[in-house]
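Following: one structure in structure tokens, then a few remarks.
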Amino acid sequence: MKTNSQNNQPTFNKVRDFVKSIPRGKVCTYGQVASHLGLKSPRIVGWALRGNQDKNIPCHRVVQKEGTLSPSFSLGGREEQKKRLLIDDTPFLSEFTVDLSKALYQIKKNPQT
DNA sequence: ACGTTGACTCCTA
DNA sequence: CTAGGAGCCAACG
């Protein structure tokens, strides 16, 4: 159970918190998230989201390095993910590819420092 | 501890 | 574009 198990599991928490911090109309790649969070492999990011897929988390804003949507997105699949991205006003290059040139959320390590 | 799985990424052909 | 292989690391049985 989970009785709330939102237990702050390290990996989980970091990924969730970061994904929730992604602004609307922007997207992030697994590799970037992993790198920024200090994770060792982009798989960890995907794994974390898949295990939680909490609707409080804009997981649809996380895409592959090329901007392509994940082939196994839960909650409805690619179509649902694409639809959510369109709602977020995210520019698309093709049916399942986001325009990273415009929508890529560039991570800042020390915003304002 | 081991083996499998997985929302990744990179390579070659 | 597809197909196959390798590297990567955390969670689960």
Side-chain angles (χ1 to χ4, degrees):
Chain A
M1 71 141 225
K2 329 247 74 262
T3 40
N4 332 303
S5 27
Q6 310 209 345
N7 308 334
N8 313 323
Q9 289 181 323
T11 324
F12 254 53
N13 194 340
K14 286 199 283 191
V15 176
R16 285 180 36 202
D17 184 52
F18 178 76
V19 174
K20 291 198 300 184
S21 70
I22 300 175
R24 171 178 161 283
K26 294 284 182 178
V27 296
C28 245
T29 69
Y30 295 95
Q32 285 186 319
V33 177
S35 179
H36 176 66
L37 296 180
L39 303 180
K40 304 109 177 188
S41 169
R43 293 197 118 139
I44 309 304
V45 180
W47 165 87
L49 293 175
R50 180 199 136 194
N52 221 357
Q53 57 172 244
D54 197 315
K55 62 182 185 179
N56 302 309
I57 306 173
C59 30
H60 55 269
R61 290 184 188 148
V62 183
V63 297
Q64 303 200 150
K65 192 172 180 286
E66 302 294 325
T68 38
L69 306 185
S70 303
S72 306
F73 182 74
S74 302
L75 311 178
R78 300 169 284 181
E79 296 181 10
E80 187 63 36
Q81 186 173 10
K82 178 191 172 188
K83 185 164 63 178
R84 289 170 181 263
L85 287 168
L86 290 175
I87 295 172
D88 281 350
D89 194 44
T90 305
F92 268 74
L93 291 176
S94 50
E95 291 305 285
F96 297 114
T97 304
V98 179
D99 186 352
L100 295 181
S101 303
K102 300 175 183 173
L104 180 60
Y105 176 53
Q106 300 184 30
I107 305 171
K108 298 176 182 175
K109 300 190 174 184
N110 286 308
Q112 312 221 349
T113 345

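Throughout, protein chains are lettered first and strands after them, A, B, ... in sequence-line order, and every chain is numbered starting at 1.
Atom CZ in A:R50 sits about 20 Å away from atom P in C:dC9, given to the nearest Å. Note: CG (A:L49) to C1' (C:dA10) measures 13 Å, nearest angstrom. Put simply, CD1 on A:I22 is 13 Å from C1' on B:dA7, counting in whole angstrom units. Distance, A:Q64 CD to B:dA7 C1': 8 Å, rounded to whole Å. Counting to the nearest Å, the P atom of C:dA11 and the NZ atom of A:K14 are 11 Å from each other. The separation between A:I44 atom CD1 and B:dT9 atom P is 13 Å, rounded to whole Å. One can place OH of A:Y30 at 19 Å from C1' of C:dG7, the figure rounded to the nearest angstrom.
Residue A:K40 places none of its side-chain N or O atoms closer than 4.0 Å to OP1 or OP2 of C:dG7.
Taking CD1 from A:I107 and NZ from A:K26, the interatomic distance works out to 12.5 Å, rounded to the nearest 0.5 Å. Put simply, SG on A:C28 and NZ on A:K65 are 13.0 Å apart, with the number rounded to the nearest 0.5 Å.
A salt bridge is defined here as a Lys NZ or Arg NE, NH1 or NH2 lying under 4.0 Å from an Asp or Glu carboxylate O, and A:K82 with A:E79 fails to meet this definition.
When the nucleotides B:dA7, C:dA10, C:dC8 are ranked by their closest atom to the side chain of A:S41, C:dC8 comes out on top. Listed candidates were B:dA7, B:dT9, C:dC9. Nearest to the side chain of A:F73 is B:dA7. Of the candidate nucleotides C:dA10, B:dG6, B:dT9, B:dT9 has the atom nearest to the side chain of A:T29. Side chain of A:R43, nearest nucleotide from C:dA10, C:dA11, C:dG7: C:dG7.
Using cut-offs of 30° and 60° for the angle between ring planes, the A:W47 and A:F12 rings count as perpendicular.
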